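Order of the sequence lines sets the chain letters (A, B, ...), proteins ahead of strands, with each chain counted from 1. No experiment lies behind these values; they were computed from the predicted model shown.
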There are 2 protein chains.
Amino acid sequence: MTSHTHGRRPTLEDVARRAGVSKSTVSRVINGEPKVRAEVVEQVRQVVAELGYVPNQAARQLVTRRTGAVAVVASQPQNRLFLDPFFDCLLRGVRRELAEHGSQAVLLFLDDPDDYTGVADYLAGGHVDGAALFSLRPGDRLHEMADRLDIPVVFGGRPLLRDGDTVRAHAYVDGDNRGGARQAVQHLVALGRTRIATITGPYDQEHSAAERLAGYRDVLPGAEPELTERADYTEQGGAQAMAALLDRRPALDAVFAASDLMATGALRTLRERGRRVPHDVAVVGFDDLTEITESTDPPLTTVHQDVERMGRLMARLLFDQDARPPSVVVPTRLVRRQSA
Amino acid sequence: MTSHTHGRRPTLEDVARRAGVSKSTVSRVINGEPKVRAEVVEQVRQVVAELGYVPNQAARQLVTRRTGAVAVVASQPQNRLFLDPFFDCLLRGVRRELAEHGSQAVLLFLDDPDDYTGVADYLAGGHVDGAALFSLRPGDRLHEMADRLDIPVVFGGRPLLRDGDTVRAHAYVDGDNRGGARQAVQHLVALGRTRIATITGPYDQEHSAAERLAGYRDVLPGAEPELTERADYTEQGGAQAMAALLDRRPALDAVFAASDLMATGALRTLRERGRRVPHDVAVVGFDDLTEITESTDPPLTTVHQDVERMGRLMARLLFDQDARPPSVVVPTRLVRRQSA
DNA sequence: GTGAAAGCGCTAACAG
DNA sequence: CTGTTAGCGCTTTCAC
């Protein structure tokens, strides 16, 4: 049973008085500094428990300039966000790394433009030691916001800067989109395929989509433009793109879809049109979201990214901003299943 | 272009000196107090902008005892959480209300038991002015945690306390589960149905499930036990329960499913077994998740809850803990579509 | 090892 | 209307 019914929360001083020592000593015990006599430590601990003392973070922050919290900001409607296993996994990585570092992750949403001010003020207000930003919507003002912050910041996914953008370059962690795409296409080539199509993401809006297309072109510099079809990273979009591709080039024998979701859509169209996979058309995806890739028919060959690791790296960059390189690109590897 | 290259962030005092006024005056301007000469306000604002001054929250908190932030804690794996449109909508309500009150919502996850300490420390550490807790997993220690906090706390959904639980009763906001169930069943009765079954949620684990079952029994005190089948709030579970019910009582002519998801499953089973809805069997759900209810075949008659309003109420209770009643039950209403 | 004293940056009476 | 004076609760030199 905890005591002290007089509303006031106990302070360091209360503990000190009751334990018959100075505030400094109590502070030392609280912070686990080694140079305190064991018996004093015991004594203080006892009083702390008795009084139910909890340090006032504001006071502590004021002098240490550390909050013990890090913000994760996502600029997407909350409801659609977690449907994305990619983000889910990334977030888990960030959280795990932060926890090991003794920091708590707090998530902020930037659903609609009205949220902007609140979030910006929160981040600038010294509530957190750093911020991991996920710029998932082309129009968000996350980079602009990051610019004004004087805490460490790191982006998940490389920002797509437009010409004329004046924001400074921020640290980021990203997968090796271009290299991964190359691996995928090279695999298709190695399989002996000669008419290799690609279904791309929205490459004018997302850096990853642009890079994955670049990787395709690296391997197939002379590919016909008719073998490239742009979609939007969704399954539905993938299905439509596949249909368009088939209409234009019925003889194609392979397709590299720039995301697993689009690959799933492509698989559906191929099935509907009676093409056998991989016999008639080989299919490779990107992301390796196991929820998806292992349940497609046939199981999807795809480019794997170590997403949790990417999340952990983001957190680490926050604590070590002087690290160079300030940004990191995480390698990918091809996971071969049955579709190619 | 901002000046002062010497690392230190500008303080109130810097602004005061440069503007030729006292700290108090600057403070007044910052906090928008009315009694300052307009020309001084202008002058101070200018210097604030010049210096890029941002108030130090820790210092402010230390004296005002207010952080401007409220935590929303969810004890469920993050990935499954947002699949639930119910939570999504509730969270939106909480956030909107908080925003109007000048507070920022920060989301904390309690995925696995390891997270417990971090979250508890964060909440107890004075980082937030209050906490909205969603106890979604029977085994979580959210109530125990709430007990130790000295900030206002409110639960989303009424806690199911077990006999012998010693935690004190916390404020909560919940829908009128029992009343809503009654409305649903009464509607079925009014339709002239005489063999009305129910598919329940996990009533030993969730308060809402127990209440919805109670509502069914209120209207049909003499219902045969064979007309009640327990499921788990999922679509799959609803489908199986419907099958079991049909096997036992092929002549049933109506079913009240305690969630829209389960109702959807029931609809599927009914269709597979050749029963026409609502002609042969009338179906009523619960929740009115429009994503679901408007796309079922036929569109689902269900019990509507104003979920966003519930979220807003939660936030309001946080700021007004002396409000009585300390907890509130939000009314429901039947939305009639085609299934009953 | 331990204590005393000096702030961290801000707000809140209280005078003027 | 504005300035002065005290702290808020904690950490951190610096002596002892």
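Remark: B:Gln57 engages A:His127, B:Arg60, B:Gln61 in a side-chain contact (heavy atoms from CB on, under 4.5 Å) (not counting sequence neighbours). Considering only residues two or more places apart in sequence or on other chains, A:Arg17 meets the salt bridge (Lys or Arg N to Asp or Glu O under 4.0 Å) condition with A:Asp14. The side-chain hydrogen bond (donor to acceptor under 3.5 Å, both in side chains) check on B:Asp129 picks up B:Thr67, with sequence neighbours excluded. For the side-chain contact (heavy atoms from CB on, under 4.5 Å) test, residues two or more places apart in sequence or in another chain that qualify with A:Asp115 are A:Leu110, A:Asp111, A:Asp112, B:Arg95. In this structure, the side-chain contact (heavy atoms from CB on, under 4.5 Å) partners of B:Thr117, at least two apart in sequence or on a different chain, are B:Asp121. Taking the side-chain contact (heavy atoms from CB on, under 4.5 Å) definition, one finds that B:Arg312 meets it with B:Arg96, B:Glu97, B:Glu100, B:Glu308, B:Arg316, sequence neighbours left out.
Between the P atom of D:dC8 and the CD atom of A:Gln57 lies a distance of 19 Å, rounded to the nearest Å. When the C1' atom of C:dC8 is taken as reference, atom CZ of A:Arg65 falls 6 Å away, rounded to whole Å. A:Leu62 places its CG atom 11 Å from the P atom of D:dT11, with the value rounded to the nearest Å. Distance A:Arg60 CZ to C:dG9 C1': 18 Å, rounded to the nearest Å. For the pair B:Arg66 CZ and C:dA12 C1', the computed distance is 17 Å after rounding to whole Å. Atom P of nucleotide D:dG9 and atom CZ of A:Arg9 are separated by 9 Å, given to the nearest angstrom. Whole-Å rounding puts the A:Leu12 CG to D:dC8 P distance at 13 Å. In this structure, A:Asn56 places its CG atom 14 Å from C1' of C:dC10, rounding to the nearest Å.
Aromatic ring pairs are classed by plane angle as parallel below 30°, tilted from 30° to 60° and perpendicular above 60°; the pair A:Phe155 and A:His143 is parallel.
Among residues at least two apart or in separate chains, side chain to side chain donor-acceptor pair (under 3.5 Å) pairs with a member in residues 19-32 of chain B are B:Ser22-B:Thr25, B:Ser27-B:Asn31.
Looking only at side-chain heavy atoms (C-beta outward), B:Asn56 and B:Thr11 stay at 4.5 Å or farther from each other. Counting heavy atoms from C-beta outward, B:Leu91 and B:Phe134 have side chains that stay 4.5 Å or more apart.
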N/O to N/O distances under 3.5 Å, protein versus nucleotides 12-16 of chain D:
| residue | atom | partner | partner atom | Å |
| --- | --- | --- | --- | --- |
| D:dT12 | O4 | A:Ser24 | OG | 3.4 |

Only distances under 3.5 Å count here; give the side-chain donor-acceptor pairs of residues 37-47 of chain A to other protein atoms, sequence neighbours excluded, each with its distance to 0.1 Å.
| residue | atom | partner | partner atom | Å |
| --- | --- | --- | --- | --- |
| A:Gln43 | NE2 | A:Ala19 | O | 3.4 |

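A heavy-atom distance below 4.0 Å to DNA chain D is reached by these residues of residues 35-48 of chain B, ordered by number: B:Lys35, B:Val36, B:Arg37, B:Val40. Listed by residue number, the members of residues 117-129 of chain B with any heavy atom below 4.0 angstrom from DNA chain D form an empty set.
When each of C:dT11, D:dT2, D:dG9 is scored by its nearest atom to the side-chain atoms of B:Thr25, the top-ranked nucleotide is D:dT2.
In summary, of the residues considered (B:Val329, B:Leu90, B:Val328, B:Val94), a side-chain contact (heavy atoms from CB on, under 4.5 Å) with B:Met310 occurs for B:Leu90 alone.
Fit an axis to the five pairs at each end of the helix from C:dG1-D:dC16 to C:dG16-D:dC1 and the two axes sit 30° apart, to the nearest 10 degrees.
When all heavy atoms are compared, the tightest approach of A:Val154 to A:Met314 is CG1-O, 3.5 Å. Minimum heavy-atom separation, A:Tyr53 to A:Ile30: CE2-CD1, 3.8 Å.
When the side-chain nitrogen and oxygen atoms of A:Ser22 are compared with OP1 and OP2 of C:dG3, one or more of them lie within a distance under 4.0 Å.
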